[in-house]
Trainee: 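Take this structure, written in structure tokens, and hold onto it; I'll ask about it next.
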Protein chains: 2
Amino acid sequence: MSRPLPVLSSSLSHTRTRMARPNQLHEKRSELLPIVAKAFAELGYRRATTAELAERCGVQQNILYRLWPDKRAMFIAALGYVFDLAVEIWSRVLAKGGPGTTAARLLAYESENIGKFGNHRIIFAGLNETDDPEIRAALAGMYSRYHRFVRDHVVDHRGKRGKAAAEEADLIAWAIIGLGTVTTISKELGLQDPSARRMTMHSMGSLLLDGSAGTGRT
Amino acid sequence: MSRPLPVLSSSLSHTRTRMARPNQLHEKRSELLPIVAKAFAELGYRRATTAELAERCGVQQNILYRLWPDKRAMFIAALGYVFDLAVEIWSRVLAKGGPGTTAARLLAYESENIGKFGNHRIIFAGLNETDDPEIRAALAGMYSRYHRFVRDHVVDHRGKRGKAAAEEADLIAWAIIGLGTVTTISKELGLQDPSARRMTMHSMGSLLLDGSAGTGRT
DNA sequence: TCATTCTGTGAGCAGATGCTTACACTACGA
DNA sequence: TCGTAGTGTAAGCATCTGCTCACAGAATGA
């Protein structure tokens with residue numbers, strides 16, 4: 001808040017009398033962000049020290065502070081990156097096509113691949129920093145978008161219209177997110193063996209999606 | 001691991017030649033543990049510094065280190081305390097009796113009171129320290145006990161016997177834990193208004209409990 | 001009472017942490 | 001080629017962090 005984001009100098013520099021070397025801050029940010037995100041995911045917020053982040057990026061801390069005003073901004077950027085990446089992956093999966101609704105296919109994909117990239121850990125890291133209003137807001141925004149994404153596929157899956165159906169899809173989407181969360185925790189802590197985990201995700205996910213009006217498969 | 005737990009000196013002291021003042025470490029631990037747990041819950045692992053813990057307890061850091069060998073042990077003790085407390089509260093709720101199965105009543109209670117004591121945050125704190133084997137193990141143990149608790153009530157609720165029913169209850173219990181988790185997060189971040197949150201917990205909880213083999217109510 | 005153990009106080013220490021400054025170097029537009 | 005602005009390196013700083021030490025006083029059994 002105290003200093004302007006470095007990226008602004010890029011546009012401002014066009015108004016200067018004499019310019020040299022158009023800055024590449026944006027490119028550098030894009031280059032380092034995945035590394036930063038991975039570090040936050042692996043270490044959590046506090047243990048991902050600026051020294052550690054810099055070392056992993058192969059730069060001096062200094063440089064990170066030219067790309068982002070402070071550590072918190074690095075974390076928030078990483079949070080957004082992880083979400084965008086997940087959406088991108090899901091989009092690719094859905095683009096490939098296959099049997100069943102998109103919701104069912106996403107569920108099947110997550111049953112196999114949940115926690116694969118380890119990026120979910122950054123969310124747990126965020127949940128530990130909810131006292132910070134900006135991190136809290138970033139997290140809330142991310143969850144809202146995530147929920148909307150899931151809900152839209154639930155609506156499509158169920159094929160019902162109307163306000164009641166929409167509200168129902170809303171609840172189902174939250175429950176599915178919860179299912180994904182607990183499955184992730186289960187994997188993280190080794191609480192279930194992989195097949196049981198897949199079974200939980202698939203079986204309970206199907207139950208939630210198809211509801212009590214479902215076909216009652218075992 | 002390097003030093004013996006201070007509590008041992010209590011029993012050892014009986015073998016000494018001359019003794020004075022039987023130690024009250026155990027009592028002190030019991031007295032301070034709730035305060036320590038609250039601090040961890042509010043601040044997370046890293047931000048709950050030993051200085052902060054000591055101040056909240058109204059003692060010097062020194063004293064905490066006589067009660068537990070290190071900060072990690074304080075955290076693990078707090079983790080156990082929070083779980084025991086939750087079980088105690090649930091037991092009281094169930095002891096009061098009421099309509100429906102114990103599972104349904106627990107669900108109804110949690111719909112209203114989830115996250116009430118803020119103690120769940122300590123679990124998120126723990127999930128950020130899963131690199132530490134001891135914390136990881138403590139967390140896994142706690143989740144296992146939690147799951148067993150929920151599962152037993154699910155079994156009772158559904159009233160089915162046999163291996164297949166038991167396995168089904170297993171999955172349902174995990175899904176319900178997930179539902180509780182996401183509801184907690186929702187409250188933490190203000191993602192839903194309270195009535196929507198209650199609705200999610202109750203409606204999706206009922207769906208999971210009664211399952212697709214249920215009576216097919218809407 | 002006296003010796004011994006427990007309890008509390010306060011200061012301190014080595015290392016870590018977020019962030020900054022100073023400065024040399026490089027690339028680019030004019 | 002010259003000057004400006006972007007890029008990289010190295011060191012440093014105030015503060016914090018987990019943990020320990022030395023010591024005075026209190027409580028208790030003998």
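Numbered from 1 within each chain, the chains take letters A, B, ... in sequence-line order. From a predicted model like this one, the values you see are computed outputs, not experimental measurements.
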Trainee: Please give, in whole Å, the distance from dT20(D) P to Leu64(B) CG?
Mentor: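 Spelled out: CG on Leu64(B) to P on dT20(D) is 13 Å.
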Trainee: Find the distance Trp68(B):CH2 to dT20(D):P and express it as a whole number of Å.
Mentor: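 From Trp68(B) CH2 to dT20(D) P: 16 Å.
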Trainee: Over how many whole Å does the gap from Leu67(B) atom CG to dC19(D) atom C1' extend?
Mentor: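 For the pair Leu67(B) CG and dC19(D) C1', the rounded distance is 15 Å.
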Trainee: Indicate yes or no: does Arg72(B) engage Glu129(B) in a salt bridge with an N to O separation below 4.0 Å.
Mentor: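 Salt bridge between Arg72(B) and Glu129(B), a charged N being under 4.0 Å from a carboxylate O: no.
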Trainee: It should be established whether Lys28(B) places a side-chain nitrogen or oxygen under 4.0 Å from OP1 or OP2 of nucleotide dG8(C).
Mentor: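 Checking Lys28(B) against dG8(C): at least one side-chain N or O falls below 4.0 Å of OP1 or OP2.
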Trainee: Take the protein atom CZ of Arg46(A) and the nucleotide atom P of dC16(D), then report the distance between them rounded to whole Å.
Mentor: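 For the pair Arg46(A) CZ and dC16(D) P, the rounded distance is 13 Å.
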Trainee: Tell whether Asn62(B) reaches the base of dG10(C) with its side chain through a donor-acceptor pair below 3.5 angstrom.
Mentor: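 Present.
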Trainee: Is Asp70(B) reaching over with its side chain to a backbone N or O of Ala73(B), donor-acceptor style, under 3.5 angstrom?
Mentor: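 At least one qualifying donor-acceptor pair exists.
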Trainee: Picking from dA22(C), dT9(C), dC19(C), which would you name as closest to the side chain of Arg66(A)?
Mentor: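 Of all the options, the side chain of Arg66(A) is nearest to dA22(C).
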Trainee: Side chains of Thr184(B) and His120(B): any donor to acceptor distance under 3.5 Å?
Mentor: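 Note: His120(B) and Thr184(B) side chains miss the donor-acceptor criterion.
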Trainee: Which nucleotide sits closest to the side chain of Gln61(A): dA22(C), dG18(D), dG18(C)?
Mentor: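 Among dA22(C), dG18(D), dG18(C), the one nearest the side chain of Gln61(A) is dG18(C).
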Trainee: Students often get this wrong, so: under 4.0 angstrom with heavy atoms, is Thr50(B) touching a base, only sugar-phosphate, or nothing?
Mentor: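 The residue Thr50(B) makes base contact.
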Trainee: Donor-acceptor check, side chain of His147(A) to backbone of Asp170(A), threshold 3.5 angstrom: yes or no?
Mentor: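 Checking the backbone N and O of Asp170(A) against the side chain of His147(A), a donor-acceptor pair under 3.5 Å is found.
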Trainee: So, does Gln60(B) get its side chain near the phosphate of dG10(C), meaning an N or O under 4.0 Å from OP1 or OP2?
Mentor: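 For Gln60(B), the contact criterion (side-chain N or O under 4.0 Å from OP1 or OP2 of dG10(C)) is met.
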Trainee: Rounding to a whole Å, what distance do you find between His26(A):NE2 and dT7(D):P?
Mentor: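 Going from NE2 in His26(A) over to P in dT7(D) covers 13 Å.
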Trainee: Between P on dT17(C) and CG on Leu53(A), what's the gap in Å once rounded to a whole number?
Mentor: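 My rounded result for the distance is 11 Å.
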Trainee: Of the nucleotides dT20(D), dT9(D), dT17(D), which has the atom closest to the Tyr65(B) side chain?
Mentor: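 Nucleotide nearest to Tyr65(B)'s side chain: dT20(D).
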Trainee: Between atom CD in Glu52(A) and atom P in dA16(C), what is the gap in whole Å?
Mentor: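 These atoms are roughly 12 Å apart.
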Trainee: Can you measure Glu129(B) atom CD to dG18(D) atom C1' for me and round it to whole angstrom units?
Mentor: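 Distance check: Glu129(B) CD to dG18(D) C1' gives 14 Å.
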Trainee: Examine distances only and state if a side-chain atom of Arg136(B) and a backbone atom of Glu188(A) form a donor-acceptor pair shorter than 3.5 Å.
Mentor: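 Checking the backbone N and O of Glu188(A) against the side chain of Arg136(B), a donor-acceptor pair under 3.5 Å is found.
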